[in-house]
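Read through the structure below, which is laid out as structure tokens, and then see the notes.
Please read these numbers as outputs of a predicted model, since none were measured by experiment. Index from 1, following the sequence.
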Amino acid sequence: QVQLVESGGGLVQPGGSLTLSCVASGSIFRPYTMGWYRQAPGKQRELVASVTSGGSTNYADSVKGRFSISRDNAKNMVYLQMNSLKPEDTAVYYCNLKTNLGRSYWGQGTQVTVSS
């Protein structure tokens with residue numbers, strides 16, 4: 001079993017920055033992709049950004065140029081640096097780990113609120 005724990009959410013003013021962190025533990029089979037998803041009230045969960053074991057990244061169009069994803073393979077951690085935050089970025093952010101065998105694991109989520 002794999003456990004994911006997120007941290008770093010909170011309240012920030014528009015234009016501000018936050019960094020989310022996620023650490024994975026348990027029986028992790030490499031290689032795997034780690035990513036961040038978000039779900040706003042009344043909306044479906046959507047991919048924000050992902051990074052493969054080799055370092056290839058993928059971003060939602062809405063966050064390109066503002067968010068940056070990175071990972072530390074030695075520590076089984078993934079980070080999401082969020083800059084120039086907008087009210088529409090408000091959501092619960094979830095960490096995800098997906099193995100190449102198709103298994104997918106989720107964290108419990110961390111709230112990000114962008115408001116003045």
Side-chain angles (χ1 to χ4, degrees):
Q1 188 69 321
V2 174
Q3 295 81 39
L4 301 173
V5 178
E6 303 106 333
S7 61
L11 173 64
V12 63
Q13 291 187 342
S17 298
L18 276 177
T19 301
L20 305 182
S21 301
C22 173
V23 58
S25 61
S27 302
I28 303 172
F29 293 92
R30 293 173 170 79
Y32 57 89
T33 295
M34 295 194 79
W36 290 94
Y37 289 70
R38 66 187 181 188
Q39 187 166 19
K43 294 189 176 181
Q44 289 190 330
R45 191 174 297 188
E46 63 175 359
L47 173 68
V48 176
S50 64
V51 57
T52 68
S53 292
S56 296
T57 58
N58 182 43
Y59 294 93
D61 287 342
S62 60
V63 306
K64 283 181 180 176
R66 300 189 297 123
F67 290 11
S68 178
I69 190 170
S70 60
R71 63 187 283 173
D72 184 331
N73 290 329
K75 296 181 179 179
N76 292 330
M77 292 193 72
V78 65
Y79 307 94
L80 185 68
Q81 176 65 45
M82 305 185 292
N83 299 323
S84 302
L85 282 161
K86 305 176 181 180
E88 50 263 44
D89 294 317
T90 295
V92 178
Y93 284 70
Y94 296 91
C95 179
N96 175 263
L97 185 152
K98 193 172 300 181
T99 72
N100 281 20
L101 297 178
R103 297 292 296 270
S104 185
Y105 303 91
W106 295 92
Q108 79 286 355
T110 185
Q111 177 70 46
V112 172
T113 302
V114 184
S115 175
S116 56

Between [X] and [Y], is there a shared hydrophobic cluster once you connect ILVMFWY residues whose side-chain heavy atoms come closer than 4.5 Å?
X   : Y   : value
M34 : V23 : no
Y37 : L85 : no
V12 : V63 : yes
L47 : V92 : yes

Any side-chain heavy atom of [X] within less than 4.5 Å of one from [Y]?
X    : Y    : result
L20  : Y94  : no
L11  : S115 : yes
L97  : R103 : no
C95  : V78  : yes
W36  : E6   : yes
S104 : N96  : yes

Among pairs that include at least one residue of residues 28-54, which meet salt bridge (charged side-chain N to carboxylate O under 4.0 Å, His left out), considering only residues two or more places apart or in two chains?
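As it turns out, the salt bridge (charged side-chain N to carboxylate O under 4.0 Å, His left out) pairs with a partner in residues 28-54, which skip direct neighbours, are R38-E46, R38-D89.
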Are the side chain of [X] and the backbone of [Y] linked by a donor-acceptor contact shorter than 3.5 Å?
X   : Y    : answer
Y59 : I69  : yes
T57 : V51  : no
T90 : V114 : yes

Can a donor-acceptor pair be found between the side chains of S25 and N76 at a distance below 3.5 Å?
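Per modelled atom types, S25 and N76 side chains form no pair under 3.5 Å.
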If you look at every heavy atom in [X] and [Y], which pair is closest and at what distance?
X   : Y    : value
S84 : S17  : N-OG, 4.4 Å
T33 : S50  : CG2-CB, 4.1 Å
P31 : N100 : CG-ND2, 3.3 Å
A49 : L80  : CB-CD1, 4.2 Å

[atom2] on [Y] to [atom1] on [X], rounded to 0.5 Å:
X   : Y    : atom1 : atom2 : answer
C22 : W106 : SG    : CH2   : 11.0 Å
Y32 : T99  : OH    : OG1   : 11.0 Å
L4  : M77  : CG    : CE    : 11.0 Å
M82 : L18  : CE    : CG    : 4.5 Å

Would you say that more than 12 heavy atoms from the other residues, nucleotides or ligands in this model lie under 6.0 Å from the CD of Q44, or not?
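No, because the 6.0 Å sphere around CD of Q44 holds 12 heavy atoms or fewer from other groups.
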Which residues satisfy the side chain to side chain donor-acceptor pair (under 3.5 Å) test with T19, sequence neighbours excluded?
Q81
